[in-house]
Every structure is written in structure tokens, then in C-alpha cells.
Amino acid sequence: MPVTLRPTIEPEPVNPALLRRDFPIFEDANRDQPLRYLDNAATTHKPRAVIDALTRSYAECYGPIHRGLYPLAEQATSNYESARRTLQHFIGAASPDQLVFTRSTTEAINMVANGWLLPRLQAGDIVWVSRMEHHSNYLPWQRACQQQGAELRIIELAEDGQLDLDGANGLFSERSKLIAISQVSNVLGVENPVAALCATARQHGIPVLVDAAQSVSHIELDVADMGCDFLAFSAHKMFGPTGIGLLYAKAERLAEMAPFQVGGGMVDIVGIGTAPSQWTGIPSRFEAGSPDMPAAVGFAAAAEYLIGLGIGGVRKHIAALTRLAAERLLTIDGVALLPHAELPSSGIVSFTHRDLHPHDIAQIAGESGVAIRAGHHCAQPLLNHLGLAATARASFSVYNDEADIAALVAAIRRAERVFRR
Ligand code: PMP
């Protein structure tokens with residue numbers, strides 16, 4: 001059996017000055033000040049490799065996939081399926097048939113909630129999420145539980161922002177039907193111990209869904225190592241196109257899952273009247289309608305771009321930058337970081353300022369060319385728990401550097417002057 005050797009050499013952090021040249025958005029000569037883009041947790045910019053892959057798909061090889069019998073359509077189909085295989089290798093899945101293209105992380109999670117959970121959820125069952133989940137990994141489960149009279153329980157956080165797994169009574173009980181958890185929180189930047197959680201859940205026969213929306217761009221994903229049953233992420237957060245995402249699932253889970261949407265391309269035999277129809281094979285049965293081939297090709301180009309950068313070096317750069325940002329922000333009197341055991345390193349720093357509203361900080365920062373996010377970050381259960389209506393959030397990617405952090409700190413100083421502390 002072939003043995004894959006993992007590199008033991010310490011990766012070098014990526015070089016943001018070089019990488020910025022890959023991203024046309026940073027070239028805009030009409031901009032009167034440099035773009036300091038620190039909203040990467042919301043969405044990332046696109047390297048030329050991805051934009052070119054999309055353009056080529058439309059300009060050179062566009063046609064209906066899984067339908068046409070002529071060469072152009074066959075080539076388009078082959079490109080779509082080849083994109084699936086690239087992403088299969090990107091996440092370490094055993095087979096391309098375990099990958100379903102979706103519109104987004106949100107759609108992938110809704111697919112599992114409606115197609116897998118709902119048909120097997122009964123009154124009295126429990127579904128678990130954590131306090132830090134994004135609404136996209138909360139509301140689909142809440143609705144399924146409401147519909148079936150099941151319970152949605154919350155894994156609370158310890159004071160340092162980590163999951164309080166010991167305090168989650170009954171987490172591994174027979175009544176638990178699913179645990180849905182993010183790998184990295186989009187507000188706290190906390191990285192959760194998903195592999196350990198999956199291992200214990202597996203011993204108790206409880207499936208786990210991992211929301212990898214915030215980890216996919218800088219943490220190596222290996223679904224075999226992680227041991228999750230389901231994994232969801234979006235292309236747009238990892239330099240790929242908007243409007244496409246992925247659901248990975250273990251083969252047995254996909255076999256158990258009912259199609260969330262029905263329509264063209266997912267059926268072999270259509271019943272007449274109310275006679276049952278026969279769905280086609282997996283994964284096509286979960287991709288009703290005309291799939292977005294160019295987006296899938298762009299998605300694969302984004303994965304190749306990340307692989308080319310080396311995810312170890314990406315992670316190192318982002319960790320260093322996040323820690324530096326946290327340190328620099330803490331030098332401002334009145335700034336507090338959201339709970340964290342140590343300085344955050346997962347690309348996200350959320351903070352508040354004693355004298356400034358997060359929206360005021362974001363607006364003044366925006367005027368200075370610094371793009372950050374302010375608000376509840378689609379995580380109301382967490383923000384309510386922390387007694388906050390909003391936070392400011394800076395989030396980092398491969399093209400950010402120390403100058404971006406300095407510009408953010410300067411913008412906060414400016415906001416302090418504008419709002420006359
Ligand atoms: N989960 C997390 C942790 C997120 O940060 C996001 C996006 N902010 C989502 C899910 C939803 O992703 P999308 O909007 O691409 O469906």
C-alpha cells in the first residue's frame with residue numbers, strides 16, 4: 001500500500017507583498033488610498049487564477065453539463081467533474097461521490113437539516129449546537145427541532161471562550177441525534193477541537209456536522225483525520241467565486257439522505273401522478289437543476305491556488321498577523337477583545353471600545369480605506385450571551401500585512417478624535 005509522507009519541514013509564512021500582485025482588486029489605480037481589506041471572514045478577494053478560470057469556462061468551454069451529447073457539452077461536464085475531484089483531494093475525501101456542490105455553506109447545512117435530519121428526528125430527540133454558531137448553523141436545526149418537537153440544546157462557552165464540553169450534560173446521550181459545530185468561530189476566532197469531538201461522538205454513534213466556513217482558507221482540512229460525518233464550506237471565503245459551496249458527507253450518510261430539492265438532472269424515472277419517482281445516483285441526486293459549472297471550475301482553481309501557496313505557510317502568516325493585531329489593539333485604552341484563552345490566531349479579532357460604537361469605528365475606518373465589519377456577525381445567540389449588540393471585527397488573509405494593522409489602529413485613533421472622547 002502506498003504511504004503518503006507528510007512534509008516535516010516547517011513551512012515559511014507566505015509573503016503578502018508578493019501575493020497582493022495576484023489579486024487585481026489591489027491594483028485599482030483609481031482608488032485614492034490603498035485598500036486595507038480586513039473583512040476576510042465575510043468574504044475574500046479573488047486571485048487572477050480564479051477569475052481567469054471563470055472567464056475561460058464561459059469563453060472557451062461553456063455548455064450544459066450531464067445533458068448534452070455533443071463535444072462542447074461533454075467537455076463542460078468533464079470540467080465540472082474534474083473540479084469535484086480537485087476538491088475531493090483538497091479535503092482528503094475517499095471518493096468524489098462524497099462531495100455535493102451547493103450554493104453555499106448555508107445551503108449545504110439546510111440540505112442536511114431537511115434531507116437527513118428531518119426524516120429521522122422525533123419528539124424528545126436532541127440536536128446540539130454551540131453558543132458561538134453562525135445563524136446558518138443554528139436556524140436550520142432550530143426549525144427542524146421546532147417542526148418535530150425535538151430539543152435544540154446549546155454547548156455553552158467557558159469564560160475563556162472555549163467550548164464547555166464537560167458542562168454539556170447529555171451531549172453523548174442516546175437522545176442526541178446530531179452535533180453541529182463550527183471549526184472556527186466567525187466572531188471569537190476560537191478554533192474548536194472538532195477531531196476530538198468527532199471521535200467521542202463516533203463512539204456513541206452520534207453524527208457530527210462541521211461548519212468549516214471560517215477554517216477552510218487557512219487550516220488544512222482532512223475529513224478522514226477529522227472523522228466528521230458532514231462538512232460544509234463556501235468557495236467565496238477561500239478565494240473562490242460566490243454562489244457555490246460544498247457539502248461533504250460520509251457515503252453512508254449520503255445514502256440515508258433524501259434530496260432537499262427535486263427537479264431536472266436528479267431523477268432516473270419520473271412517476272406519473274403521485275406514483276413514486278426514482279432518483280438518480282449520488283451525488284447528482286442532490287444537485288437538482290442546471291449546476292453552475294463555471295463556478296465549480298473557479299472553486300477548484302481557488303483550491304489549487306491555496307494548495308500552491310501551501311496551507312501551512314498561509315496558516316503561519318495569518319496566525320502571526322492575528323496575534324499582532326490583537327497585541328496592537330490592546331495598546332489602545334478602552335479596547336477589549338472578546339473572550340479568548342490566549343491571543344487569537346485564527347484570522348479573526350473581535351473587539352469593543354469603551355467609548356465608541358462598533359459602527360462608528362467601522363465607518364471612520366472605511367473612510368480611511370480600512371474595511372472591517374461591525375454588527376452581530378449573524379451570531380445573535382453569542383452576542384446576546386456576551387451582553388453585546390455589536391462588535392467590531394478585523395479578519396485577515398494572505399494579502400494582509402502589518403501596514404494594514406497600523407492603518408486600523410490609526411483609524412481607531414481618528415475615530416476617538418472625531419467622537420471626542
Ligand atoms: N458559518 C460561518 C461560521 C460563517 O462565518 C458563515 C459566513 N459568514 C456561514 C456559515 C455562512 O456562509 P455562506 O454565507 O457562504 O453560506
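The chain is numbered in sequence order, starting from 1. Ligands are counted one by one from 1 in listed order, and the atoms in each one are counted from 1 as well.
Listed by number with element, the atoms of ligand 1 under 4.0 Å from a non-hydrogen atom of Ser234 are 12 (O), 13 (P), 15 (O), 16 (O). Atom numbering of ligand 1 starts at 1 in the shown order; those under 4.0 Å from a heavy atom of Asn186 are 5 (O).
Between the side chains of Tyr399 and Asp22, no donor-acceptor pair of N or O atoms lies under 3.5 Å.
The one candidate from Ile181, Asp229, Ile109 that meets the side chain to side chain contact (heavy atoms under 4.5 Å, CB included) condition with Leu209 is Ile109.
Relative orientation of the Phe23 and Phe26 rings is perpendicular, given thresholds of 30° and 60° on the angle between their planes.
By the neighbour-count criterion of 12 heavy atoms within 6.0 Å, atom CD of Gln146 is densely surrounded, having more than that number from other residues, nucleotides or ligands.
Side-chain atoms of Pro140 and Met111, non-hydrogen and from C-beta on, never get closer than 4.5 Å to each other. Gln214 places none of its side-chain heavy atoms less than 4.5 Å from the side chain of Ser395.
With hydrogens left out, the protein atom closest to atom 14 (O) of ligand 1 is Thr106 OG1, 3.8 Å, a heavy atom. Here the protein heavy atom with the shortest distance to atom 4 (C) of ligand 1 is His134 CD2, 3.4 Å. Shortest contact from atom 5 (O) of ligand 1 to any protein heavy atom: Gln214 NE2, 2.7 Å. In terms of protein heavy atoms, atom 1 (N) of ligand 1 is closest to Asp211 OD2, 2.5 Å.
Only the side chain of Ser136 comes within contact range of ligand 1, with a heavy atom under 4.0 Å; no backbone atom does. Using a 4.0 Å cut-off between heavy atoms, His236 contacts ligand 1 through its side chain alone, with no backbone atom that close.
For Lys46 (side chain) and Gly240 (main-chain N/O), a donor-acceptor pair under 3.5 Å exists by modelled atom type.
For His135, the heavy-atom gap to ligand 1 stays at 4.0 angstrom or more. In this structure, Lys237 counts as a contact residue of ligand 1, since one of its heavy atoms falls inside 4.0 Å of the ligand.
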